[in-house]
Each structure stands twice: as C-alpha cells, then as structure tokens.
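Report on the structure given below.
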There are 2 protein chains.
Amino acid sequence: MLSKSCVYALRAIVYVGHNGSENHKIGIKEIGEELDLPVHFLSKILQLLVKHNILQSTKGPHGGFYINEASGKIKLIRIIEIIDGLSFFHKCGLGMHECSDSHPCPLHDDFIVFREGLNKIFSTKAINDLVKKVEDGNAFVRNLNTKN
Amino acid sequence: MLSKSCVYALRAIVYVGHNGSENHKIGIKEIGEELDLPVHFLSKILQLLVKHNILQSTKGPHGGFYINEASGKIKLIRIIEIIDGLSFFHKCGLGMHECSDSHPCPLHDDFIVFREGLNKIFSTKAINDLVKKVEDGNAFVRNLNTKN
DNA sequence: ATATAAAAAGACCTAAATATCTTTTAATAT
DNA sequence: ATATTAAAAGATATTTAGGTCTTTTTATAT
Ligand code: FES
Ligand code: FES
C-alpha cells in the first residue's frame with residue numbers, strides 16, 4: 001500500500017519528534033539502529049523531507065534531524081504525497097484505467113469505502129498525533145524483540 | 001495493495017466467467033485484448049490458477065479458458081492467497097516486524113479497520129458475485145474508452 | 001495419421017524499488 | 001585556521017515485479 005520508503009519516513013519522523021528537539025538533534029545512525037532501517041537508504045528519504053521542509057536538519061558536530069513547531073502539525077498525507085504520490089487514493093482497486101462511479105469495477109463500492117477511509121485518516125492525523133501516542137505509551141515505532 | 005498479477009487474474013477470471021462457458025471457451029488472446037492486459041504475462045498467471053483448479057482450460061482447437069460450477073463459488077481471497085499470499089492481511093501498516101494489539105504502531109487501530117474490512121470483503125465475495133454484477137450491467141471489467 | 005490450434009512451459013528481458021558504498025559540503029569546537 | 005563531525009549528494013549494486021519471446025505439449029478436426 002504505502003511503499004517502504006514511505007513507512008520508513010513516517011516512523012523515522014515520529015521517532016525524531018519523540019526523541020529529539022531543536023537542541024537535541026538525532027543522527028541518522030541512531031534512527032537507523034533504533035528502527036532497524038537501512039541507514040543510507042533512510043538518509044535519502046529524509047533528505048527529501050528536509051528539502052520539502054517537513055523535517056529539519058543541520059550538518060556538523062551535534063548536527064542531526066529534528067522537527068520544528070510547524071512540521072509537527074503537518075498531516076501524514078503530505079508525507080505520503082511527497083514520497084509515494086497520491087495515486088493510490090484515486091486509482092481502481094482492480095487496476096482499471098479509471099476509477100469512476102459511472103464505470104465501476106465489481107469491487108468499486110466496497111473498495112472506495114476503505115480507500116476513502118484511509119485517505120481521511122491520513123488527511124486528518126498529523127505527525128504530532130502519532131508522537132503523542134508514542135509519548136503516552138499507547139504506541140510504538142520501534143520493533144519488538146530487536147536484539148537490544 | 002494487490003499486485004498487478006493479482007488484479008489481472010481477478011479481472012480475467014471474471015471476464016471468463018461472464019463471457020465463456022464449458023462449451024464456449026475463451027482464448028488468452030481475447031482476454032488480453034479485451035482487458036488491455038499483456039497476453040504472455042497474463043498467460044503465466046492463469047496457468048497458475050489452472051494448476052490450482054481455480055480456473056479450467058483445454059488446449060488445442062476450440063480450446064481456451066472457462067470456469068466450472070465449483071470455481072465460480074471460490075472466494076476472492078483464495079485467488080489472492082495463491083498469487084500474492086496473505087501477508088498483507090497480517091502485517092503492520094507502518095512496516096514494523098510484527099503487528100499486534102499489545103505492541104501497536106501509532107496507526108494500528110485505524111489501519112486494522114481498513115485491513116480487516118478488506119479481508120472480510122475478499123473472504124465473503126466469490127467470483128460469481130462479481131460476474132453477476134457485470135452481467136447485471138452494474139459493473140465492468142473492461143476499461144472505458146479503450147480504442148475499440 | 002496429419003495438420004492445426006491453443007495452452008503450457010521455459011528462457012530471457014526491462015524497469016522500478018530497495019539498498020550500499022564513496023565523496024562532498026557545511027556546521028561546530030578547538 | 002584547522003580538525004572533526006554529520007548530513008547531502010552521487011554513483012553503483014541488488015532484488016523484485018512486470019513483461020516479452022520462443023519452444024513444447026496436447027486436444028481437436030479433417
Ligand atoms: S472502478 Fe475499481 S475501485 Fe473504482
Ligand atoms: S502494529 Fe502497525 S498496523 Fe498493527
């Protein structure tokens with residue numbers, strides 16, 4: 001559904017939101033290790049988010065990633081848009097060229113309920129909402145039973 | 001979500017169910033043309049379904065594909081299982097190693113609604129249900145505005 | 001029996017996603 | 001100014017999904 005790039009990005013940004021701040025930036029190495037993600041690959045993805053100002057970074061000693069006030073309020077759908085694009089939310093679940101009410105595939109009515117439902121969730125929830133859940137101990141971004 | 005192989009299979013089998021019968025088999029070429037699908041690729045996929053007896057075929061003159069009584073009653077989930085596997089319906093939407101209620105990701109509660117909902121649809125609907133919709137003119141498997 | 005038609009099977013190719021490795025740039029502390 | 005640190009950037013490799021082409025097998029009609 002979402003590409004690996006995309007879910008890596010989401011978890012990474014939540015991790016940064018949870019563990020970092022403007023004066024405690026998080027290095028890519030730490031993120032990769034804590035989330036069991038391939039560091040260099042993740043690095044590329046985060047670069048993209050920085051370029052779009054979804055995420056902030058600085059180089060050099062004590063450099064790393066962090067998110068500012070505004071970034072925390074960004075909706076998940078924006079990140080998905082940047083990384084995967086929004087085509088999933090428009091295209092036919094059975095792979096027809098067009099998804100439309102007037103020329104529906106046999107799964108259309110059922111499928112769009114979920115497609116729209118997901119769209120709504122991603123369009124409503126912001127980074128901070130996920131961070132909050134993690135802070136409250138109601139959710140996690142790190143894998144269970146990773147070797148440490 | 002579903003791979004192309006999988007949606008190609010679903011549309012093809014519905015097309016065959018709709019347009020064919022044991023004494024009017026449908027050639028792979030026709031299916032490919034009518035559904036705008038790559039013929040040889042589709043051929044591989046249908047072979048797999050035939051091997052699993054989800055679809056019937058015969059070679060030679062007047063040969064082709066058709067579905068028998070039993071096949072029409074097969075649930076979509078079975079086809080998905082054969083082609084893509086069922087991992088989608090168990091794995092975490094944010095790509096964590098495990099999806100569980102006790103160690104949920106921040107999207108878990110919202111995501112599983114979607115995942116389970118889709119699972120239910122695929123587990124409930126049979127090939128014939130889709131064929132029926134097409135026969136009633138309430139759904140289509142062919143693309144709109146294809147050149148013919 | 002033979003020719004023919006159509007699926008099955010096999011070998012191969014291409015493009016995209018994912019991942020790794022190396023070099024460059026920029027920020028900070030000394 | 002210099003050394004050091006860490007992200008950015010670039011180049012390359014690997015894997016997987018998707019797609020094409022060729023040969024073989026099998027059913028049917030003549
Ligand atoms: S036409 Fe297939 S999901 Fe809308
Ligand atoms: S843990 Fe992520 S969807 Fe269940």
Side-chain angles (χ1 to χ4, degrees), chain A residues 1-13 15-16 19-20 22-33 35-67 80 82-85 87-88 91 95, chain B residues 1-13 15-16 20 22-33 35-67 80 82-85 87-88 95:
Chain A
M1 222 266 302
L2 301 180
S3 68
K4 289 198 177 188
S5 295
C6 198
V7 301
Y8 290 0
L10 290 171
R11 281 168 62 213
I13 199 167
Y15 181 87
V16 169
N19 298 95
E22 177 137 16
N23 48 23
H24 176 62
K25 293 158 192 157
I26 312 288
I28 187 73
K29 223 176 122 190
E30 173 182 340
I31 306 172
E33 271 164 16
L35 303 183
D36 304 310
L37 301 179
V39 172
H40 292 97
F41 184 47
L42 183 60
S43 164
K44 285 290 153 55
I45 302 163
L46 297 192
Q47 272 175 46
L48 185 62
L49 295 182
V50 168
K51 206 172 297 173
H52 282 84
N53 201 36
I54 305 298
L55 179 65
Q56 287 67 50
S57 73
T58 62
K59 297 178 172 182
H62 302 113
F65 297 90
Y66 65 100
I67 62 173
I80 295 169
I82 289 169
I83 296 176
D84 284 350
S87 68
F88 173 81
K91 76 182 180 204
Chain B
M1 221 264 302
L2 302 180
S3 69
K4 289 200 177 190
S5 295
C6 198
V7 301
Y8 288 1
L10 290 170
R11 281 168 62 211
I13 199 167
Y15 181 87
V16 169
E22 178 137 17
N23 47 23
H24 176 62
K25 293 157 192 157
I26 311 290
I28 187 74
K29 222 176 121 190
E30 174 183 339
I31 306 172
E33 272 164 16
L35 303 184
D36 304 310
L37 301 178
V39 172
H40 293 98
F41 184 46
L42 182 59
S43 165
K44 286 288 153 56
I45 303 164
L46 297 192
Q47 272 175 45
L48 184 63
L49 295 182
V50 168
K51 206 172 295 171
H52 281 85
N53 201 37
I54 305 297
L55 179 65
Q56 286 67 50
S57 73
T58 61
K59 297 178 173 183
H62 302 113
F65 296 90
Y66 63 101
I67 62 173
I80 295 170
I82 290 169
I83 297 176
D84 285 349
S87 68
F88 172 80

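Lettering of chains follows the sequences in order, A, B, ..., and the numbering in each one begins at 1.
In this structure, B/K59 NZ and B/K25 NZ are separated by 13.5 Å, a value rounded to the nearest 0.5 Å. How far CD1 of B/I28 is from CG of B/L37: 8.5 Å, rounded to the nearest 0.5 Å. Taking OH of B/Y15 as the reference point, atom CD of B/E30 lies at 3.5 Å (rounded to 0.5 Å).
Look at A/Y8 and you'll find a side-chain N or O under 4.0 angstrom from OP1 or OP2 of C/dA19.
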Where protein sits on nucleotides 3-13 of chain D, one letter per nucleotide: B base, S sugar-phosphate only, - none, heavy atoms under 4.0 Å | -BBBBBBBB--

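Inter-residue side-chain proximity for B/I31 and B/F65 is flagged as met; some heavy-atom pair is nearer than 4.5 Å. Counting heavy atoms from C-beta outward, A/Y66 and A/H24 have side chains that stay 4.5 Å or more apart.
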Side-chain donor-acceptor contacts of residues 41-55 of chain B below 3.5 Å, not counting sequence neighbours, with atom names and distances?
from	atom 1	to	atom 2	distance (Å)
B/H52	ND1	B/L48	O	3.1
B/N53	OD1	B/Q56	NE2	3.0

Pairs of donor and acceptor atoms involving the side chains of residues 4-11 of chain A, under 3.5 Å and at least two apart or interchain, shall be tabulated with distances.
from	atom 1	to	atom 2	distance (Å)
A/R11	NE	A/V141	O	3.0
A/R11	NH1	B/G95	O	3.4
A/R11	NH2	A/L35	O	3.4
A/R11	NH2	A/V141	O	3.0

Pick out the pairs of N or O atoms, protein on one side and nucleotides 12-17 of chain C on the other, that lie under 3.5 Å.
none

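Distance B/L2 CG to D/dA17 P: 14 Å, rounded to the nearest Å. The CD-C1' distance, from B/Q56 to D/dA27, rounds to 16 Å in whole Å. Distance B/L48 CG to C/dA8 C1': 13 Å, rounded to the nearest Å. In this structure, B/D84 places its CG atom 11 Å from C1' of D/dA17, rounding to the nearest Å. Summarising the geometry, the separation between CG on B/L49 and P on C/dA7 is reported as 14 Å, rounded to the nearest angstrom. C/dT28 atom P lies 11 Å from atom CD of A/E22, rounded to whole Å. Summarising the geometry, the separation between OH on B/Y66 and P on C/dA7 is reported as 13 Å, rounded to the nearest angstrom.
Applying the side chain to side chain donor-acceptor pair (under 3.5 Å) rule to B/S3 yields the partners B/D84; only residues at least two apart in sequence or on another chain are considered.
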